[in-house]
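In what follows, a structure is listed as structure tokens, so that the remarks can point back to it.
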Amino acid sequence: MTTRWLFGDQLGPHFLDRTDQPVLMVEARGVFARRRFHRAKAQLVLSAMRHRAAELGDQCTYVRADTYAEVLEGFDEPLSVCHPTSHAALRFVHGRGDVEVVPARGFATSTDDFDRWVRSRGRGRLLMGDFYRDTRRRLGILMDGEEPAGGKWSYDADNQKPPPRSATLGVPEPNWPVEDEIDAEVRHDLDRWEREGRVTLLGSDGPRRFAATRGESLASLADFITHRLTGFGPHEDAMLSADPWMAHSLLSAPLNLGLLDPIEVIATAEDAYRNGLAPLGSVEGFIRQVIGWREFVWHLYWHLPTSYRTRNELQARNPVPGWFADLDAESVDAACLSDALVGVRDRGWVHHIPRLMVLGNYAMQHGWDPAEVTDWFHRAFVDGYDWVMVPNVIGMSQFADGGVMATKPYVAGGAYINRMSDYCSSCVYDPRKRVGQDACPFTAGYWAFLHRNRERLATNPRMGQALSGLDRLSDLDALIKQEAARGPTAP
């Protein structure tokens, strides 16, 4: 029987053709030596790989080496591999010439289904909402006959409520995994590699917060559905300084490790709605993230040309400053930005709104090189992979593709953060002010961004009202001078 070579993000049972199929896994330390990954990410990936190898026992040949190539050169058995999750990995596999590549797994929509949908669009834009509706129809997810459950395809408009006035959302904390001897071994190895200068890691060490085994992943899914899904929808776009997890599922990491299959995830969520255990708005919002946005990003990564990752339509050339790159939260006075950096530093994770509207928003406002920003997100987040971050950061977060992914830049001032969080009440900056010592850096940065990109965004129909606001600013010259003087220093 052909041996299945499993990459470190292909760890679920659905990546094998048979339960007794021989397996090869390679722990290539060079991956962590070449780039500065977050310690929590290295801990999670290595823990997940070693746990999977332990589960497979004698069925798995597990090799620790510096590179994949040195292991493959000495492996004589026929090999097959599921379609890898990055262009670089796919080029490497194809370059071998002796490895069979089978279609990708771990996604609800096949390449053929996505290509069919693209052809059906003709010359129309590829919009996530249209793809999501097509996927719902094709898979029969949240459908009542030919119509969407509840009569609406999306409850997104109902899921954008500001945070409650309480310090937390009031839902139970997530079901945390319990570390074992394999985790201890991984932590020991990372410590030793750092001491020996073999790797340089980012962020803080801490307890493993994300599922690293199939059993832990199923337990996390069940816990989310039972205790947290109901509270997810209404406040999924809100931020609370004392409640980093809120009602988010934390399932992106095990999904992206291949420990969960999206079909089983959405089926479990739909069952909760059908059985009256969770409201439709929360269930639909969660399912939209899993089989809508996640699948759309995956397929766009492969559909768009490889040059997409170098797009820079806004001509943003500034380097990512050291305080941001190194997660130096203590040097930042802006409450929202400091707390987001703390979350990344200590956990390798913040939810999608701090990613997009705090970290990404600030980077775009200040014209940081989108390729550098993408690389940082990839390395700093436990659920970050090339296929995840290239479309999400280049397209959605930084608008570097000029509108392929999003119809307008996701740029906002302090008013948005004030409405959707509790940060501003304790911040030294005032979200209503754009000039002065206590001027909010996001409010000032918003107007500086519009001024800098006025000509580039002039033809965008969704930016007309925002750009016209520049003409009403009596203090625009002072604002531009203020922001130029601030430069790359931490706000």
Side-chain angles (χ1 to χ4, degrees), residues 7 9 35 41 83-91 104-111 113-115 117-118 121 124-135 156 237 251-253 255-258 262 287-314 316 320 349-361 363-364 368-411 460 462:
F7 279 101
D9 54 0
R35 302 167 72 188
K41 182 171 190 166
H83 190 293
T85 61
S86 74
H87 291 296
L90 184 61
R91 286 194 300 268
R105 301 183 186 182
F107 295 90
T109 298
S110 69
T111 299
D113 285 328
F114 186 78
D115 290 345
W117 177 74
V118 170
R121 306 291 294 173
R125 290 191 59 181
L126 304 183
L127 300 175
M128 192 283 288
D130 294 341
F131 168 76
Y132 169 60
R133 287 190 287 273
D134 181 82
T135 303
D156 186 49
D237 284 359
L251 295 176
S252 58
L255 271 168
N256 292 351
L257 286 167
I287 286 178
R288 181 167 12 98
Q289 288 194 358
V290 177
I291 63 162
W293 193 253
R294 182 177 185 269
E295 301 272 328
F296 188 61
V297 164
W298 162 257
H299 285 289
L300 277 189
Y301 176 82
W302 296 105
H303 175 76
L304 296 169
T306 55
S307 59
Y308 179 85
R309 67 190 315 117
T310 65
R311 294 282 295 270
N312 193 354
E313 297 301 306
L314 299 183
V320 175
W349 183 93
V350 292
H351 72 76
H352 64 283
I353 295 301
R355 296 189 200 201
L356 180 65
M357 301 309 298
V358 178
L359 300 168
N361 185 19
M364 182 168 59
W368 296 350
D369 187 309
E372 286 192 33
V373 177
T374 302
D375 176 68
W376 180 85
F377 270 94
H378 180 177
R379 293 182 294 104
F381 281 83
V382 293
D383 55 5
Y385 293 85
D386 200 57
W387 71 267
V388 175
M389 293 307 181
V390 169
N392 267 313
V393 179
I394 293 293
M396 189 177 185
S397 172
Q398 301 302 295
F399 202 70
D401 64 1
V404 174
M405 282 281 289
T407 56
K408 70 179 184 70
Y410 276 87
V411 62
N460 187 314
R462 297 193 64 193

State, to 0.1 Å, how close [X] and [Y] come at their nearest heavy-atom pair, and which atoms those are.
X    : Y    : answer
S397 : L356 : CA-CD1, 3.8 Å
G403 : D401 : N-OD1, 3.0 Å
P370 : V393 : O-CG1, 4.4 Å
N460 : P409 : ND2-CD, 4.5 Å
P84  : A89  : CB-CB, 3.6 Å

Side chain proximity check, [X] to [Y], heavy atoms < 4.5 angstrom:
X    : Y    : result
W349 : H351 : yes
L314 : Q398 : no
V411 : F399 : no
H303 : V118 : yes
F381 : S252 : no

**Q.** Pairing of D383 and R355 as salt bridge, 4.0 angstrom limit
**A.**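 Result for this pair is yes, salt bridge flagged.
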
Q: Evaluate the criterion side chain to side chain contact (heavy atoms under 4.5 Å, CB included) for residue pair T109 and H299; output intermediate values, then yes/no.
A: CA-CA 9 Å; T109 298; H299 285 289; 3.7 Å; yes

Q. Y385 ring centre to K41 NZ or CZ under 6.0 Å, with the angle to the axis within 45°?
A.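 Yes, a cation-pi geometry.
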
Q.
Run the side-chain contact (heavy atoms from CB on, under 4.5 Å) test against R35 and tell me which residues pass, sequence neighbours left out.
A.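 Scan of R35 (side-chain contact (heavy atoms from CB on, under 4.5 Å), adjacent residues dropped) gives F37, D375, H378, R379.
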
Q: Start with the C-alpha distance between D130 and R125, add both sets of side-chain angles, then the distance that settles salt bridge (charged side-chain N to carboxylate O under 4.0 Å, His left out), and finish with yes or no.
A: CA-CA 10 Å; D130 294 341; R125 290 191 59 181; over 6 Å; no

Measure the spacing between [atom1] of [X] and [atom2] of [Y] and express it to the nearest 0.5 Å.
X    : Y    : atom1 : atom2 : value
N361 : M364 : CG    : CE    : 6.0 Å
R105 : S110 : CZ    : OG    : 13.0 Å
L251 : L257 : CG    : CG    : 11.5 Å
I394 : L300 : CD1   : CG    : 13.5 Å
L255 : D9   : CG    : CG    : 12.0 Å
F377 : L359 : CZ    : CG    : 5.0 Å

Q: Using the test ring pair (Phe, Tyr, Trp, His ring centres under 6.0 Å), find all partners of F131 that sit at least two apart in sequence or belong to another chain.
A: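 If we apply the ring pair (Phe, Tyr, Trp, His ring centres under 6.0 Å) test to F131, skipping adjacent residues, the hits are F114, W117, F296.
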
(Q) For the backbone of V320 and the side chain of D369, can you confirm whether one donor and one acceptor N or O come within less than 3.5 Å of each other? (A)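 No.
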
(Q) Please enumerate all residues that pass side-chain hydrogen bond (donor to acceptor under 3.5 Å, both in side chains) together with D237, with sequence neighbours excluded. (A)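 For D237 the side-chain hydrogen bond (donor to acceptor under 3.5 Å, both in side chains) partners, ignoring immediate neighbours, are H352.
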
Q: Kindly indicate, with the supporting measurements, whether the criterion side chain to side chain contact (heavy atoms under 4.5 Å, CB included) is fulfilled by V390 and L304.
A: CA-CA 11 Å; V390 169; L304 296 169; over 6 Å; no

Q. When you look at R309 and Y301, which way does the side chain to side chain contact (heavy atoms under 4.5 Å, CB included) test go after all the steps?
A. CA-CA 9 Å; R309 67 190 315 117; Y301 176 82; 4.1 Å; yes

**Q.** Within 6.0 Å of OH in Y308, more than 12 heavy atoms from elsewhere
**A.**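 Atom OH in Y308 is crowded, with more than 12 foreign heavy atoms closer than 6.0 Å.
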
Q.
Run N392 and W293 through side-chain hydrogen bond (donor to acceptor under 3.5 Å, both in side chains) and show every step you take.
A. CA-CA 10 Å; N392 267 313; W293 193 253; 2.9 Å; yes

Q. Is the gap between the ring centers of W387 and H87 under 6.0 Å?
A.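 No; H87 has its ring centre 6.0 Å or more from that of W387.
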
Q) Which of these, M405, R288, E295, sits in a side chain to side chain contact (heavy atoms under 4.5 Å, CB included) with M128? A)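 Only match with M128 under side chain to side chain contact (heavy atoms under 4.5 Å, CB included): R288.
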
